[in-house]
Amino acid sequence: MPIADLPKQYDPREAQDRWYRLWVDKGYFHADPASDKPAYTIVIPPPNVTGALHLGHALNNTIQDILIRWKRMQGFDVLWMPGTDHAGIATQAVVERRIHEVEKKTRHDLGRDALVERIWEWKDEYEKRILSQLRMMGCSCDWDRTRFTLDEGCSLAVRLTFFKLFQADQIYRGKRLVNWDAHLRTAVADDEIYYEDVQGQLWTIRYPSADDPEKGLLVATTRPETMLGDTAVAVHPDDERWNSLIGREVVLPLTGRKIPVIADPILVDPAFGTGCVKVTPAHDPNDYQTGLRHRLPMINLLNPDGTFNENAGKYAGLDRKVVRKQVVADLEAAGLLVKTEAYNTRVNYSDRSKTPIEPYLSDQWFVRMDSLAQQAIDAVADGRVRIHPDRYAKSYLDWLGEKRDWCISRQLWWGHRIPIWTCDTCTEADLARVFAGRDDVVWRAGEMGGMLICSTVDLAEDALGPEHRLVRDPDVLDTWFSSALWPHSTLGWPERTPELAKYYPTSVLSTARDIITLWVARMVMFGTFNMNDVPFRDVFIHPVIQDGQGRRMSKSLGNGIDPVDIIELHGADTLRFALAAAATETQDLRMPVESQKLPDGRVVNTSEKFEQGRTFPNKLWNAARFALMNLEGFEPTTVDVSTLPVEDRWILSLLASTAAETTRELEAFQFAEAAKRLRDFTWNDFCDWYVEFIKTRLRDPATKPTAQAVLAAVLDGICRLLHPIIPFVTESIWQALGEVAPRRGLVSIEPAAESVCVAPWPIYPGAWSSADSERIVGQWQEKVAAIRNLRAERQLPNHAKIAPILVAEGEVAEMLELGNAFIRSLTGASSLQIGPLDVRPSEAAVTVLADCEVIVPLEGLVDKEAEIARRRKSLADVEKQLAAVESKLANPSFTERAPAELVDQQRSKRDELLHQRESLRQLLGEA
RNA sequence: GGGCGAUUAGCUCAGUUGGCUAGAGCACCAGCUCGACACGCUGGGGGUCAAAGGUUCAAGUCCUUUAUCGCCCACCA
């Protein structure tokens with residue numbers, strides 16, 4: 001396209017389609033295990049297939065793509081492994097809810113296979129959508145390797161891991177209290193529960209002593225019906241009212257069972273209620289823990305549907321609500337109900353059925369955490385895995401330190417089925433007869449009789465013959481079990497693939513802090529267990545995005561921002577830049593939400609936070625347009641940097657330090673700093689100053705070629721440095737630049753590349769660094785600003801030509817003289833005098849700087865009173881500063897204890913201020 | 001209850017091992033169609049750095065306490 005036809009406004013849409021296709025077609029995103037380049041690997045935190053991506057995903061994937069693109073440019077063999085997560089509970093719940101809404105059917109109506117099939121359909125739809133969203137954002141994943149946590153490879157990895165753990169006796173079956181939804185007849189996760197404060201009652205019941213029916217204990221409870229399952233009464237060991245009874249027994253009313261009185265300082269708060277607590281291990285989480293501590297029997301009273309079972313004696317078969325009434329009535333009749341009072345209590349409800357949750361004792365599978373957790377602790381403690389920011393290492397270590405066994409079974413249908421078969425009738429010998437010699441089947445006796453058989457392959461129901469039926473465990477594994485294998489299962493484990501050899505351990509994991517324990521810790525455990533090495537070297541924890549009030553973004557609050565909307569409104573670069581610029585080390589990232597109407601009439605949420613990212617790509621685009629217009633007909637020549645004019649050496653010096661600092665910041669995961677630095681360099685140094693400096697040079701054929709060479713080199717550098725953050729606009733510019741300025745003989749260290757996506761990351765020669773030119777240009781800038789300020793403050797007409805005088809001597813005068821033409825053109829001056837002052841103009845606007853007096857003669861335009869007032873104000877200001885500096889220098893402890901450098905600095909500052917004061921006094925004296 | 005974090009300009013945030021008159025973007029005010037860009041240019045106003053103590057020659061930065069807010073974990077018989 002001819003340069004002159006390049007649009008004034010950058011069109012992100014066209015660039016996005018075009019360049020993304022180019023990158024994919026050229027195969028830039030492919031990792032190549034056979035290449036001899038060093039590996040750099042990130043496995044994507046697989047998004048849940050429950051729904052579309054939200055802004056948090058956009059942030060995380062922007063971060064990952066920045067790292068990936070940066071490392072690709074640095075010459076690494078880069079692999080970004082994409083994929084999605086089956087997200088067991090969440091996905092099944094979403095699909096079940098949908099089916100219920102539309103077809104009024106429950107999962108029991110459909111049956112296991114049909115439901116699972118329906119969830120697969122859902123998965124296909126959302127996976128497609130999620131992956132296309134990632135592409136829209138510009139993510140450079142190796143798409144041919146896309147994986148899913150429930151695919152064949154992951155299934156194999158899951159089974160083998162379970163098998164190995166079972167074999168190593170790291171997996172066991174045990175009892176656990178789960179949140180039971182009696183209406184849906186399923187266990188629900190902690191995060192699917194909500195609390196409600198309910199007006200209830202507190203009943204006080206008398207438990208007679210076994211020795212002496214006249215004596216006894218008083219217990220208070222909000223759930224009297226559970227007393228049928230009590231197996232102890234607990235008191236505080238220091239409570240003198242009751243502690244004489246510790247070790248004795250009481251008679252459990254209505255049942256006649258004798259239960260012990262135990263001492264438990266954890267469960268019992270002597271100040272609450274009666275100071276005695278009934279202990280029902282099977283139906284209350286605290287009591288359960290108490291039961292474990294005291295090895296109490298656990299009596300399960302409930303059937304799965306919420307009715308009481310045979311353990312409840314005469315109450316068997318009745319619903320829990322009915323039982324409560326009956327128990328209270330019976331206690332009252334027996335004269336054991338001491339008191340009934342109103343009491344507010346918190347009741348747990350299932351989010352899905354809106355019915356009360358029952359703590360319910362059931363068989364579950366566990367992974368032992370002792371040695372696994374220890375290995376994961378060690379990995380972080382000894383630095384094999386580094387967590388950034390490092391404060392998050394604490395929550396990781398604290399959580400693992402508890403070493404609470406991990407309950408891995410879920411009463412769901414969507415997920416990896418537990419590879420366990422049970423057989424109640426067979427013996428060790430029966431199993432040995434059939435399975436002996438097989439390395440894919442192991443077994444052991446269950447705790448309650450029967451055999452537990454674990455196998456990596458499916459076992460037939462009649463594998464042991466018709467007389468011994470094998471029954472497969474109906475449960476599936478916790479989603480995090482397969483997620484924990486993600487870094488190695490996606491690389492081919494358990495096969496010893498070239499990928500596994502080259503890309504494991506991966507380089508960086510980027511994720512949110514809420515899954516440090518759920519996911520990160522477990523990946524370290526399983527990675528270490530299966531691979532004998534950590535899964536990644538660095539973990540970057542990014543902030544959580546909130547709305548302007550500090551609330552999480554959510555569908556129900558309607559405060560969510562859809563990344564796709566931002567892309568539609570402003571383009572993917574804007575989304576990426578804004579997110580990168582916001583990704584500091586903070587833990588929460590607030591984005592004030594406002595709504596905006598789209599051209600198609602749709603109203604969407606957006607945020608002012610995208611403002612910066614919105615204008616920046618356009619600014620860059622226009623700077624590039626300027627450059628491209630001026631590069632037409634450019635004949636590349638080799639340029640010796642040391643011979644270039646000051647302004648060229650200045651911008652190259654800044655480019656070099658910007659590149660070095662940006663590299664350092666990316667290495668330290670300081671994305672916001674890198675984004676801001678690059679923006680500042682591009683906008684302030686390059687656009688505001690350098691481009692202005694060279695405008696005249698570009699009009700003179702004699703000075704044009706070097707200016708062109710430097711202009712092209714800087715634009716080239718800017719494209720490379722910004723490409724990881726804003727890939728599309730930089731590619732647009734790169735391609736256009738390649739047409740007018742083939743990269744040969746430029747002031748550039750890098751060879752050509754057909755796309756900035758694979759252009760080498762810049763490292764500039766140390767010789768480009770030029771403190772001198774930075775000082776000189778700094779001088780110019782300061783004086784330009786002073787003159788502009790004088791113009792603006794006096795509200796001089798725009799076309800008024802001025803002839804400023806810079807009163808300076810020696811080195812300062814020399815430096816300014818070098819920039820005479822620039823200062824003139826940037827201030828709209830017709831002439832500029834630099835040097836000692838011959839005759840002070842009678843009417844002038846004046847600013848006194850430390851090393852220079854800036855005078856703008858304004859014959860007939862000066863408001864003398866205002867001028868004097870300004871000078872007085874400056875004088876007062878200088879005197880205030882001087883007083884501060886002098887008091888510092890007058891303080892002996894300062895001059896003695898502060899570093900000499902700092903003291904010298906203050907001294908020279910004092911000298912400057914004294915000089916300024918003197919000049920101002922003279923000025924005021926003359927006026 | 002335990003842990004982590006935040007509190008700096010109207011808003012969103014920087015401020016690295018203590019050391020210039022505390023910075024940026026947005027918003028605000030004034031002026032600009034000057035040959036890349038009005039998604040722009042130039043200039044400007046605006047802050048007792050949550051509060052109170054302390055350490056230090058020097059505190060936005062370190063320590064203690066308090067207040068408010070957020071997140072995570074545990075929990076209210």
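If you're wondering where the values come from, they're calculated on a predicted model, not measured in any experiment. Order of the sequence lines sets the chain letters (A, B, ...), proteins ahead of strands, with each chain counted from 1.
Spacing of C1' atoms, B:U16 relative to B:G23, comes out at 15 Å, to the nearest Å. Atom C1' of B:G3 sits at a distance of 49 Å from the matching atom of B:G40, rounded to the whole Å. Atom name P, nucleotides B:C37 and B:C71: the rounded distance is 47 Å, in whole Å. Remark: the separation of the P atoms in B:G46 and B:C63 is 33 Å, to the nearest Å. Taking atom P in both B:U21 and B:C26, one finds a spacing of 27 Å when rounded to whole Å. Rounded to whole Å, the separation between the P atoms of B:C20 and B:A74 comes to 45 Å. Using P as the reference atom, B:C62 and B:C49 are 15 Å apart when rounded to the nearest Å. Across the P atoms, B:A27 and B:C41 are found 12 Å apart, a figure rounded to whole Å.
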Inset, instruction - Determine, stepwise, if the pair A:Val903 / A:Phe894 fulfils side chain to side chain contact (heavy atoms under 4.5 Å, CB included). - result: CA-CA 8 Å; A:Val903 177; A:Phe894 173 71; 4.1 Å; yes
So which protein nitrogen or oxygen atoms get under 3.5 Å of nucleotides 40-42 of chain B's nitrogens or oxygens?
| from | atom 1 | to | atom 2 | distance (Å) |
| --- | --- | --- | --- | --- |
| B:G40 | O3' | A:Lys619 | NZ | 3.1 |
| B:C41 | OP1 | A:Lys619 | NZ | 2.8 |
| B:C41 | OP1 | A:Trp683 | NE1 | 2.7 |

Between the protein and nucleotides 4-9 of chain B, list every N/O to N/O distance that falls short of 3.5 Å.
none

Could you list the protein-to-nucleotides 29-31 of chain B atom pairs, N/O on both sides, closer than 3.5 Å?
| from | atom 1 | to | atom 2 | distance (Å) |
| --- | --- | --- | --- | --- |
| B:A30 | O2' | A:Gln795 | NE2 | 3.3 |

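No more than 12 heavy atoms of other residues, nucleotides or ligands shown are found within 6.0 angstrom of CZ on A:Arg13. Heavy atoms of other residues, nucleotides or ligands lying less than 6.0 angstrom from NE2 of A:His294 number more than 12.
Looking at the side chain of A:Arg404, the nearest of the listed nucleotides B:A36, B:G25, B:A74 is B:A74. Of all nucleotides listed (B:G19, B:A36, B:C69), B:C69 comes nearest to the side chain of A:Arg590. If you check B:G3, B:C11, B:A77 against the side chain of A:Pro592, the one that comes closest is B:C11. Closest approach to the A:Ala898 side chain among B:G19, B:A36, B:C71 is made by B:G19 (side chain taken as heavy atoms from C-beta onward). The nucleotide whose nearest atom lies closest to any side-chain atom of A:Lys8 is, among B:A36, B:C37, B:A74, B:C37.
A:Thr584 comes within 4.0 angstrom of sugar-phosphate atoms only, judged by non-hydrogen atoms across all strands, and of no base. Across all strands, A:Pro285 comes closer than 4.0 Å to no nucleic acid atom at all (heavy-atom distances). A:Leu589 comes within 4.0 angstrom of sugar-phosphate atoms only, judged by non-hydrogen atoms across all strands, and of no base. Within the 4.0 angstrom heavy-atom criterion, no nucleotide atom of any strand lies near A:Gln289. Counting any heavy atom pair closer than 4.0 Å across all strands shown, A:Thr222 reaches sugar-phosphate atoms only and no base atom. Using a 4.0 Å heavy-atom cutoff across all strands shown, A:Arg791 reaches no nucleic acid atom at all.
In this view, A:Trp242 satisfies the ring pair (Phe, Tyr, Trp, His ring centres under 6.0 Å) rule with no residue, not counting sequence neighbours. The ring pair (Phe, Tyr, Trp, His ring centres under 6.0 Å) check on A:His388 picks up A:Phe669, with sequence neighbours excluded. Residues passing the side-chain contact (heavy atoms from CB on, under 4.5 Å) test with A:Asp877, sequence neighbours excluded: A:Gln881. With sequence neighbours left out, A:Phe822 forms a ring pair (Phe, Tyr, Trp, His ring centres under 6.0 Å) with A:Phe693, A:Trp780. Residues forming a side-chain contact (heavy atoms from CB on, under 4.5 Å) with A:Pro804 (at least two apart in sequence, or on another chain): A:Ile787, A:Ile802, A:Ala829, A:Leu832, A:Val856. A:Trp203 is linked by a ring pair (Phe, Tyr, Trp, His ring centres under 6.0 Å) to nothing, counting only residues two or more places apart in sequence or in another chain.
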Inset, instruction - Taking Watson-Crick and G-U wobble pairs with both distances under 3.5 Å, convert RNA chain B into its dot-bracket string, 5' to 3', dots for unpaired and | for cross-strand pairs. - result: (((((((..((((.....[...)))).(((((.......))))).....(((((..]....))))))))))))....
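With contacts defined as side-chain heavy-atom distances shorter than 4.5 Å, the pair A:Leu252/A:Met227 qualifies. Side chains of A:Pro12 and A:Thr574 form no contact here, defined as non-hydrogen atoms less than 4.5 Å apart.
For the pair A:Phe577 CZ and B:G25 P, the computed distance is 12 Å after rounding to whole Å. Here B:G15 presents its P atom at 14 Å from CG of A:Asp680, a figure rounded to the nearest Å. Remark: P of B:A36 and CD of A:Glu632 are 13 Å apart, rounded to the nearest angstrom. Across the protein-nucleic acid pair, A:Asn622 atom CG and B:C37 atom C1' stand 4 Å apart, rounded to whole Å. Atom NZ in A:Lys278 sits about 8 Å away from atom C1' in B:A77, given to the nearest Å. The distance between atom CG of A:Asn684 and atom P of B:A24, rounded to the nearest whole Å, is 10 Å. Rounded to whole Å, atom P of B:C72 lies 13 Å from atom CD1 of A:Ile515. In this structure, A:Gln546 atom CD and B:C11 atom C1' are separated by 15 Å, rounded to whole Å.
Looking at which nucleotide of RNA chain B each of A:Asp398 and A:Tyr10 is closest to, the 5′-most match is held by A:Asp398.
A:Glu665 has no carboxylate O lying under 4.0 Å from a charged side-chain N of A:Lys676, or vice versa, which leaves the two without a salt bridge. Under the 4.0 Å criterion applied to side-chain N and carboxylate O atoms, A:Glu667 and A:Arg664 are not assigned as salt-bridge partners.
Only A:Lys676, A:Arg679, listed by number, bring a heavy atom of residues 667-679 of chain A to less than 4.0 angstrom from any atom of RNA chain B.
In this structure, A:Asp405 contributes its side chain and A:Met369 its backbone to a donor-acceptor pair below 3.5 Å. Looking only at distances, no side-chain donor or acceptor of A:Asp264 sits under 3.5 Å from a matching main-chain atom of A:Ala234.
Between A:Thr221 and B:A77 there is no side-chain polar atom (N or O) within less than 4.0 angstrom of OP1 or OP2.
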For residues 390-401 of chain A, dump all side-chain donor-acceptor pairs below 3.5 Å to protein atoms at least two apart in sequence or in another chain.
| from | atom 1 | to | atom 2 | distance (Å) |
| --- | --- | --- | --- | --- |
| A:Arg391 | NH2 | A:Glu585 | O | 2.5 |
| A:Lys394 | NZ | A:Asp398 | OD2 | 3.3 |
| A:Ser395 | OG | A:Tyr392 | O | 3.1 |
| A:Tyr396 | OH | A:Ala376 | O | 2.8 |

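No hydrogens or angles considered: a donor-acceptor pair under 3.5 Å links the side chains of A:Lys278 and A:Thr226. Inspection of the A:Arg679 and A:Thr682 side chains reveals no N or O donor paired with an N or O acceptor under 3.5 Å.
Atom CG of A:Leu826 is separated from atom CD of A:Glu692 by 6.0 Å, given to the nearest 0.5 angstrom.
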